[in-house]
Amino acid sequence: MTDRPSLRARGQLRPLDRSILLAEAPAAAERVLGLVLTSSIGDATVSVRIVETEAYRQDDPASHSSRGRTPTTEPMFGPPGFSYVYFTYGMHHCMNVSCEPDGIGAAVLLRAGVVVEGVEAAQVRRPGSPQRDLARGPARLAAALAIERSWSGRDLLDPAGALRLADDGWRPGADTIVAGPRTGVRHGSRTPWRFWLDGVAEVSPHRRHAKAQR
DNA sequence: CTACCGATATTCT
DNA sequence: GAATATCGGTAGA
């Protein structure tokens, strides 16, 4: 069980080394756990500590990049450390961080976070939500941080950007990271490319795709 | 807790 | 037309 105080404590934010995202998507997805994503979109600043991720690669039928480079999936094919935001089910946005070298279509989906700054602003964006659920799930996380598709393709490692990913000095212990099958995917549902921090209440409940196969 | 369902836009067949 | 990297509601165990 990861102790709760460590999830909320904040040290000095340091810029990330882009090379940590140069890794293959599953390794990059593990490395993103524990990092802090900050949004200064609109008139509020909201930060979350990432506690759940999923890896998507080019040779993977569940990945948006598997059917080639398109204008929407372009950020997945660019250099590591850029945002890829997609719109799905007619109403939800989801946020990814590109990984792997320039030219390869891969990214880490940010599935859940603990709000460590700007709880009040997040509550305004997600009225009626219990605090635990403010960023529990990829579309909820995007909503809490006011991320929409216009924020796709941004460099998250630019310390002056409105959307930025950083390390505040806290890192999860290797023995607190758990892996399992990805949530809601129809193809490739047996690949254990979902990663989360053990025992953290803000991790989203696992949902199988209704017609999951392979 | 699990299971189902409807809402809804973009992309693919 | 059909499918979808989801969510929030309701119903039931």
Side-chain angles (χ1 to χ4, degrees), chain A residues 21 24-30 32-33 37 48 50-78 82-100 104-113 115 122-153 156 178-196 198-214:
Chain A
L21 296 168
E24 292 192 350
E30 284 195 64
V32 169
L33 290 173
L37 178 68
V48 295
I50 305 301
V51 296
E52 181 185 356
T53 59
E54 280 178 2
Y56 288 89
R57 299 198 68 201
Q58 195 166 339
D59 55 4
D60 160 15
S63 173
H64 293 170
S65 61
S66 67
R67 285 177 297 277
R69 206 162 176 154
T70 70
T72 42
T73 61
E74 178 63 26
M76 288 187 82
F77 291 84
F82 283 68
S83 59
Y84 163 53
V85 181
Y86 66 88
F87 186 60
T88 191
Y89 289 95
M91 59 187 97
H92 299 303
H93 295 273
C94 297
M95 163 82 184
N96 296 253
V97 182
S98 65
C99 61
E100 307 209 19
I104 307 232
V108 175
L109 171 66
L110 306 185
R111 284 200 55 89
V115 178
Q123 281 168 336
V124 169
R125 290 166 178 165
R126 297 199 11 81
S129 167
Q131 185 156 329
R132 183 195 69 169
D133 294 348
L134 284 174
R136 189 191 196 214
R140 293 164 168 179
L141 185 151
L145 301 193
I147 297 169
E148 298 180 9
R149 219 168 41 178
S150 59
W151 292 96
S152 198
L156 299 172
V178 192
R182 290 174 295 183
T183 295
V185 302
R186 175 157 182 171
H187 298 283
S189 56
R190 293 210 314 192
T191 313
W193 281 357
R194 172 175 175 249
F195 302 91
W196 66 95
D198 195 21
V200 174
E202 285 84 353
V203 171
S204 69
H206 182 69
R207 301 188 190 205
R208 248 179 97 241
H209 189 286
K211 297 173 187 161
Q213 49 191 338
R214 272 180 306 210

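Each chain gets a letter, A, B and so on, in the order its sequence line appears, and its residues count up from 1. Values below: all heavy atoms of this structure, side chains included; hydrogens, waters and symmetry mates excluded.
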Checklist entry - Taking atom types as modelled and ignoring hydrogens, do the side chains of A:Ser204 and A:Glu52 form a donor-acceptor contact shorter than 3.5 angstrom? => result yes
Protein-nucleotide distance ([X], atom [atom1]; [N], atom [atom2]), rounded to Å:
| X | N | atom1 | atom2 | result |
| --- | --- | --- | --- | --- |
| A:His93 | B:dT10 | NE2 | C1' | 12 Å |
| A:Tyr84 | C:dA5 | OH | C1' | 9 Å |
| A:Phe87 | C:dC7 | CZ | P | 13 Å |
| A:Glu148 | B:dA9 | CD | P | 14 Å |
| A:Glu52 | C:dT6 | CD | P | 10 Å |
| A:Arg208 | C:dT6 | CZ | P | 14 Å |
| A:Met91 | B:dT10 | CE | P | 12 Å |
| A:Arg149 | B:dA9 | CZ | P | 12 Å |

Next on the checklist: From the set C:dT6, B:dT10, C:dT4, return the single nucleotide nearest to any side-chain atom of A:Arg186.
Outcome noted: C:dT4
Checklist entry - Among C:dT4, B:dA7, C:dC7, which nucleotide sits nearest the side chain of A:His92? => result C:dC7
Do [X] and [Y] make a side-chain contact, defined as non-hydrogen atoms from C-beta onward lying under 4.5 Å apart?
| X | Y | value |
| --- | --- | --- |
| A:Tyr56 | A:Leu109 | yes |
| A:Pro26 | A:Arg57 | yes |
| A:Trp193 | A:Thr53 | no |

Checklist outcome for this item: Base-paired stretches in DNA chain B with three or more consecutive Watson-Crick or G-U pairs, both distances under 3.5 Å, amount to B:1-7 with C:6-12, B:9-12 with C:1-4
Can you sort out the partners of [X] under side-chain contact (heavy atoms from CB on, under 4.5 Å), two or more places apart, ordered by chain and number?
| X | result |
| --- | --- |
| A:His64 | A:Thr73, A:Met76, A:Tyr84, A:Tyr86 |
| A:Ala146 | A:Ile41, A:Arg125 |
| A:Glu74 | A:Arg69 |

Between N or O atoms, less than 3.5 Å apart, protein on one side and nucleotides 8-10 of chain C on the other: list the pairs.
unit_1, atom_1, unit_2, atom_2, d
C:dG8, OP1, A:Arg126, NH1, 2.9
C:dG8, OP2, A:Arg140, NE, 2.6
C:dG8, OP2, A:Arg140, NH2, 2.5
C:dG8, O6, A:Arg207, NH1, 3.4

Checklist outcome for this item: Judged by nearest nucleotide, the residue sitting upstream toward the 5' end of DNA chain B, A:Gly90 or A:Arg136, is A:Arg136
Item to check | Residue-level proximity of residues 62-77 of chain A to DNA chain B when a heavy atom falls under 4.0 Å | outcome: A:Arg67, A:Thr72
Checklist outcome for this item: With A:Thr183 as partner, the option from A:Arg207, A:Arg208, A:His206 fulfilling side chain to side chain donor-acceptor pair (under 3.5 Å) is A:His206
Next on the checklist: Regarding A:Glu202 and A:Arg132, does a basic nitrogen lie under 4.0 Å from an acidic carboxylate oxygen?
Outcome noted: no
Next on the checklist: So is the aromatic ring of A:Tyr86 stacked onto the base of C:dA5, judging by whether the centres are under 5.5 Å apart and the planes are under 30° apart?
Outcome noted: no
Checklist entry - Taking the six-membered ring of A:Trp196, is the NZ or CZ of A:Arg194 close enough (under 6.0 Å from the centre) and on axis enough (within 45°)? => result yes
Checklist entry - Contact class for A:Arg194 (heavy atom, under 4.0 Å): base, sugar-phosphate, or nothing? => result nothing
Checklist entry - With no hydrogens and no angle check, is any side-chain donor or acceptor of A:Ser152 less than 3.5 Å from a backbone partner on A:Arg149? => result no
Next on the checklist: Please find the pair of heavy atoms, one from A:Val51 and one from A:Val203, that lie closest to each other, and give the distance.
Outcome noted: O-CG2, 3.7 Å
